[in-house]
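Basis for what follows: all heavy atoms, side chains included, without hydrogens, waters or symmetry-related copies. Letters A, B, ... mirror the listed sequences (proteins, then strands); counts begin at 1.
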Amino acid sequence: VDKLVAAARGGDREALETLFEGALSPIYRYVAFKLGTTNTDVEDVVQETFIGAIGSISRLRGDNEPALMSWLLSIARFKVADHLRARYNRPAESLDDDTRPEVPGRTNVEALVIQSTQDQVLRDAIHELTPEQEEVVTLRFLMGYEIEQVAGIVGRTEGAVKALQHRALATLRRRLDEEIMAWA
Amino acid sequence: VGVEDDLGQAEPNPDEMALGARIAELAQDPSDGARARIMAAVRNAPTPATATRRRIAGGSRWRPVLVGFGTAALLLFASVGALAASSDALPNSPAYKLRLFEENVRVAVADPREKPRLHLQFAAERVRQAKEQIRRGGARVAAELLSDCKHDLAEAEAELLATDDPAEERALEEEHDRVESDAVIQQAQVETIVDRGGAGSPTLEPKIPSREVPVVPAPQATSSPPTEPVPSPDTSPSPFPDSTPAAPVDANPTP
């Protein structure tokens, strides 16, 4: 991977595309988490992230995978923020919008609502973590990186990443328990 | 440090692992279709212009020389009024080369932190002129202005590296995206005029230059008995470098 990154920085388009192919899943998962998995714009934002990355290859600092992922993640963050800003500025979508996902006919609506509410609580709780904790949780669980890889991307020791992860999960567990108590 | 080390050594307990798995479910992997469409868009995306046309050769060691030379050149131009005359020059004017030269000099003598803003200023001015040209029916001139605008934007993007202040970088990126969006809109206008065969653009070259199809020599007529027909080679030029058909995706979305 490091050789590919070096080649990509040198202008090798094929190397860049190979790297993007490998990074597609983590970046897609990150964008899907930020926008919501049912959002039909996820694909567009991921596409814009990679095309934007082609245009700003000069801003990639470092010749290794952590540098690559850190760079791609920063572009994805920027594109997600742009997308959310545009969404807030857009008029409300029509109720006739046929791009909305269809709900299967025999779905247990009550279970769907509970699941959706719990997802939202967890999502909100993650956004309320400290920036460092949120970054570790995102990289570790949403993007699927190992502790060692997360440490490389965020520029911390593995011990520090484990500590951040531990504190983040404890906070999330506490928040979820509070919500459950509130419902009861 | 001790607390962090203690926490760092601790393995996640089952409850933490379960919560981690629950978090993972908040995201979603791309479908095969989505993956294919995204990668097709990446493959079809144009490589950004490197903007070498505008760059003056030489690195930082030549900077003092360039500064001296540039300052002298600016003074000279200013003294004869040529600078003022060239600053609005259009690509179809002989003064346009003077304008490019002036811009190169201004960039060369500028503080590195000011360079991206300078390039964005040039780009925004070209978009403004392109709008004016489109309004007057000068699609060809507008197309050339927009082409140079892309070089300015690419330069600005490259120069953003020199910006240390994250807030400033963010502001410049927003300005870059704004100018780029404006340029894309004007480019679409130009293409619409060309598609309609607009009166203002009779000499504008088509986007995809026509390629000559190689002539395959006809088989020589001989007196020998007819043989099995030999299929003629497919001489139609493929628009794609490889045989994989490209998916119809928007490779250049508006930021």
Show your reasoning for whether side-chain hydrogen bond (donor to acceptor under 3.5 Å, both in side chains) applies to B/R35 and A/S25. CA-CA 8 Å; B/R35 181 179 279 276; A/S25 273; 2.7 Å; yes
Answer key: most heavy-atom pairs under 4.5 Å with chain A among B/D15, B/L26, B/L153, B/D29 is B/L26
Throw together a table of side-chain donor-acceptor distances under 3.5 angstrom for residues 26-35 of chain A, partners on residues two or more places apart or in other chains.
from  : atom 1 : to     : atom 2 : distance (Å)
A/R29 : NE     : A/L142 : O      : 2.5
A/R29 : NH2    : A/L142 : O      : 3.4
A/R29 : NH2    : B/A24  : O      : 2.7
A/K34 : NZ     : A/E134 : OE2    : 3.0

Task: B/E102/B/R106 salt bridge by N-O under 4.0 Å criterion - done: yes
Applying a strict 4.5 Å limit to non-hydrogen atoms, the region of A/I126 in contact with chain B is side chain
Hits for ring-ring contact (aromatic ring centres under 6.0 Å, His included) against A/F50, two or more places apart or cross-chain, chain-then-number order -> A/F20
Turns out that what part of A/L176 lies under 4.5 Å from chain B's heavy atoms comes down to side chain
